[in-house]
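Quick caveat: nothing in here was measured; it's all calculated off a predicted structure.
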Amino acid sequence: MEGQIREIEQKSIKEINEAKNLKELNDLRVKYLGKKGELTTILRGMGGLTPEERPKIGSLVNVVKANLEKIIQERETKYQEEELNKKLEEETIDITLPSTKTKRGSKHPINRVIEEIEDLFVSMGYDVEVGPELETDEFCFERLNLPKGHPARDMQDSFYITNEYLLRTQTSAVQARTMLANEEKTPIRMICAGKTYRREDDATHSHQFGQVEGLVIDKKENNVSLADLKGTLEIFVRKLIGENLSLRFRPSYFPFTEPSYEVDVTCFKCGGKGCPLCKQTGWIEILGAGIVHPNVLKMNGYDPEKFGGFAFGTGLDRLAMFKYGITDMRYLYTNDVRFLKQFDRKD
C-alpha cells in the first residue's frame, strides 16, 4: 500500500504542475483530496491492515495530503496573480479623459425662498411655527374675525372636506393657534410658511399657492406700532428682493387687522419709472399687513387693552418670481429639471 501511495503522489504532482488554469487545479484537488478522492479511498481501506501498519500508512497519507495541498495552493496563488494582472491591464482607465458628469438635484425656488425668509426672521428673534394644511373652520376663519356668513369669506370659498374641515385658505390659521397655545401670554414673534388652497376660476391664479405669515404680539407698554411693522417689512423686502427698493403703504381691508394696508414696492425692473411689468405705475403690490384687530386678540386669549401687535402676509410664489425673474408661475409646478437646475448658479 505504501508503493501505491507514492505512485499517487508522483502522478498527482505531475498533473498539478501541468494544470493550465484554476479550474483544472480545483478538479485535481477534488480528484486526489476530496471526499471520494484517491487518498481518501486509501484511508477508508485501512481496516484490512495489521495494527502495526495502520499508523505508518495513516501518517504517510497525511504527509502526502499536506504536500499536495501546499503545491496546489502555490499554483493557485500564481494563477490568481496572473489573472488579476491580466484584468488590470485589459481594464485600464485613462484618467486623463473627461469625466461623465452626474446629474445633481436642485432645491425648488420656493423652498429656497422659504429657507431664506426663515433664516432672516430667526436672526431677528422670530420663531418658525407650523400648522396643519387640513384646517378647521374655527381656526381658518372664526378666530380671525371671519364669522359664518361674513362677506369676506366669499373670496376664500374653498375646498371643504366636511362642514367643519377644509384645506386651509391662509397660513393665518397658524397665528391663531400660536396665540391660543401661548397660555403664559408671553410676547410672540413668529412666522409660518406653507401651502394654502383656494378655488380659483381665472387663468392668472392657481388653486394651490404658498404663503408666509408673520405675527408680533407684545404688551402695549412696549409700543409695538406701525413704525415697527414698516421697519420690519423694509428689512424683509430689501434683503429678499433688492437693497434699493422703497415701500408704499395703501389703506385696505382685512378682517383680522385694523388698520390694514396693502404694501407696494418700487418695481425692481424699471426702478419706479414705469414698465409693462408694473403696468406703468412704478409700483408692484407685494403683501398685506396691519395692526392686529382687537377681536382677534380677544378670541385667542389676549386682552386687547393690555396687548397689541402687527401681522403681515405675502405669497411665496410671487416672491420667488420677483427674486429670480421667473416670468410664468406655471414653471414653478411643472417639475422640469431644465428649469430647476439653473437656480444653483443664480444663488
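For the side chain to side chain donor-acceptor pair (under 3.5 Å) test with Asp27, the passing option among Arg29, Lys23, Lys31 is Lys23; the others fail. Checking each of Asp228, Asp218, Asp127 against Arg189 for a salt bridge (charged side-chain N to carboxylate O under 4.0 Å, His left out) leaves exactly one that passes, namely Asp218. Exactly one residue among Val292, Val296, Ile191 makes a side chain to side chain contact (heavy atoms under 4.5 Å, CB included) with Leu215. That residue is Val292. A side chain to side chain contact (heavy atoms under 4.5 Å, CB included) with Ser12 holds for exactly one of Asn67, Ile71, Leu68; it is Leu68.
Taking 4.5 Å as the limit, every side-chain heavy atom of Tyr126 sits out of range of all side-chain heavy atoms of Ile188. In this structure the side chain of Val265 never reaches within 4.5 angstrom of the side chain of Ser246, judged on heavy atoms. Put simply, the side chain of His207 does not reach to within 4.5 Å of the side chain of Arg199, judged on heavy atoms. Ile235 has its side chain out of reach of Arg238: every pair of non-hydrogen atoms, C-beta onward, lies at least 4.5 Å apart. Taking the side chain as every heavy atom from C-beta outward, Glu142 and Met299 never approach each other to under 4.5 Å.
A salt bridge is defined here as a Lys NZ or Arg NE, NH1 or NH2 lying under 4.0 Å from an Asp or Glu carboxylate O, and Lys298 with Asp303 fails to meet this definition. In this structure, Lys65 does not pair ionically with Glu69, as no charged nitrogen and carboxylate oxygen lie closer than 4.0 Å.
When every heavy atom of Pro255 is checked against every heavy atom of Asn145, the shortest pair comes out as O-ND2, 2.9 Å. When every heavy atom of Gly282 is checked against every heavy atom of Cys278, the shortest pair comes out as N-SG, 3.2 Å. Across every non-hydrogen atom of Leu233 and Leu287, the tightest pair is CD1-CD1, 3.7 Å. Considering all non-hydrogen atoms of both residues, Leu144 and Ala176 come closest at CD2-CB, 4.2 Å. Nearest heavy-atom pair, Glu285 versus Arg250, reported as atom, atom and distance to 0.1 Å: OE1-NH2, 3.7 Å. The minimum heavy-atom distance between Ala19 and Leu28, with the atom names listed, is CB-CD1, 4.1 Å.
Few gaps surround CD on Glu18; more than 12 heavy atoms of other groups in view lie less than 6.0 Å from it. Counted within 6.0 Å of CG on Asn163, heavy atoms from surrounding residues, nucleotides or ligands total 12 or fewer; the atom is thus considered open. In this structure, Asn244 places its CG atom where only 12 or fewer heavy-atom neighbours from other residues, nucleotides or ligands lie under 6.0 Å away. In the displayed structure, Lys306 atom NZ is contacted under 6.0 Å by at most 12 heavy atoms of other residues, nucleotides or ligands. Counting heavy atoms of neighbouring residues, nucleotides and ligands inside a 6.0 Å radius, atom CD of Glu183 does not exceed 12 of them. Within a 6.0 Å radius of OH in Tyr79, more than 12 heavy atoms belonging to other residues, nucleotides or ligands are found.
Remark: the Tyr165 side chain and the Asp137 side chain contain no N/O donor-acceptor pair separated by less than 3.5 Å. For the residue pair Glu258/Tyr253, the side-chain donor-acceptor check at 3.5 Å is not satisfied. A side-chain N or O of Gln175 and one of Glu213 form a donor-acceptor pair less than 3.5 Å apart. Side chains of Asn182 and Thr186: a donor on one and an acceptor on the other come within 3.5 Å.
No side-chain donor-acceptor contact under 3.5 Å links Asn85 to the backbone of Glu82. The backbone N or O of Val224 sits nowhere less than 3.5 Å from a side-chain atom of Asn222 that would complete a donor-acceptor pair. Looking at Arg177, its side chain never comes within 3.5 Å of a backbone N or O of Ser172 through a donor-acceptor pair. No donor-acceptor pair closer than 3.5 Å links the side chain of His108 to the backbone N or O of Leu340. A donor-acceptor contact shorter than 3.5 Å is absent between the side chain of Arg248 and the backbone of Trp283. The backbone N or O of Ser260 sits nowhere less than 3.5 Å from a side-chain atom of Thr257 that would complete a donor-acceptor pair. Formation of a donor-acceptor pair under 3.5 Å by the Thr196 side chain with backbone atoms of Gln211 is not found in this model. A side-chain donor-acceptor contact under 3.5 Å links Arg112 to the backbone of Lys107. Side-chain N or O atoms of Lys148 include none that pairs as donor or acceptor with a backbone N or O of Phe141 at under 3.5 Å. Looking at Arg143, its side chain never comes within 3.5 Å of a backbone N or O of Ala173 through a donor-acceptor pair.
A ring-centre distance under 6.0 Å is found for Phe343 and Tyr324.
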TODO: Take Leu332 and Ile110, measure what side-chain contact (heavy atoms from CB on, under 4.5 Å) needs, and give me the verdict at the end.
DONE: CA-CA 8 Å; Leu332 297 172; Ile110 291 181; 4.1 Å; yes
- [ ] Just do the ring pair (Phe, Tyr, Trp, His ring centres under 6.0 Å) check on Phe312 and Phe121 with the steps written out, would you?
- [x] CA-CA 13 Å; Phe312 59 88; Phe121 279 97; 5.7 Å; yes
Task: Criterion salt bridge (charged side-chain N to carboxylate O under 4.0 Å, His left out) on Lys230 and Glu234, from CA distance to verdict - done: CA-CA 6 Å; Lys230 185 173 185 293; Glu234 283 182 346; 2.6 Å; yes
TODO: Verify salt bridge (charged side-chain N to carboxylate O under 4.0 Å, His left out) between Glu116 and Lys239, making sure each step is shown before the conclusion.
DONE: CA-CA 9 Å; Glu116 188 171 349; Lys239 176 69 175 176; 5.7 Å; no
Open item on the list: Apply ring pair (Phe, Tyr, Trp, His ring centres under 6.0 Å) to residues Phe339 and Tyr331 and explain how you reach the verdict.
Closed with: CA-CA 7 Å; Phe339 167 75; Tyr331 291 150; 5.6 Å; yes
Open item on the list: Quick one, Arg198 with Phe209, criterion side-chain contact (heavy atoms from CB on, under 4.5 Å). Give me CA distance, side-chain angles, the key distance, then yes/no.
Closed with: CA-CA 8 Å; Arg198 295 184 189 179; Phe209 56 97; 3.7 Å; yes
TODO: Evaluate side-chain contact (heavy atoms from CB on, under 4.5 Å) for Glu81 paired with Lys78, printing each intermediate quantity in order.
DONE: CA-CA 5 Å; Glu81 290 178 354; Lys78 177 185 176 183; 5.5 Å; no
TODO: Quick one: do Gln73 and Glu76 satisfy side-chain contact (heavy atoms from CB on, under 4.5 Å)? Show the steps, please.
DONE: CA-CA 5 Å; Gln73 184 62 46; Glu76 201 171 51; 3.6 Å; yes
TODO: Could you walk me through whether Tyr197 and Glu133 pass the side chain to side chain donor-acceptor pair (under 3.5 Å) test, one step at a time?
DONE: CA-CA 9 Å; Tyr197 306 85; Glu133 292 181 25; 2.6 Å; yes
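Note on Met124: it clusters hydrophobically with Leu319, by side-chain heavy-atom contacts below 4.5 Å among ILVMFWY residues. Ile217 and Phe139 fall into different hydrophobic clusters, where Ile, Leu, Val, Met, Phe, Trp and Tyr residues are linked whenever their side-chain heavy atoms come under 4.5 Å apart, directly or through other members. Hydrophobic clustering (ILVMFWY, side-chain heavy atoms < 4.5 Å, transitive): Val122 and Val212 are in one cluster. Under a hydrophobic clustering in which Ile, Leu, Val, Met, Phe, Trp and Tyr are joined whenever their side-chain heavy atoms come within less than 4.5 Å, directly or via other members, Leu247 and Leu120 fall into the same cluster. By the criterion of side-chain heavy atoms lying less than 4.5 angstrom apart, applied directly or through intervening Ile, Leu, Val, Met, Phe, Trp or Tyr residues, Leu180 is not grouped with Leu297; the two fall into different hydrophobic clusters.
Judged by the 6.0 Å distance and 45° axis criteria, Lys185 is positioned over the aromatic ring of Tyr302.
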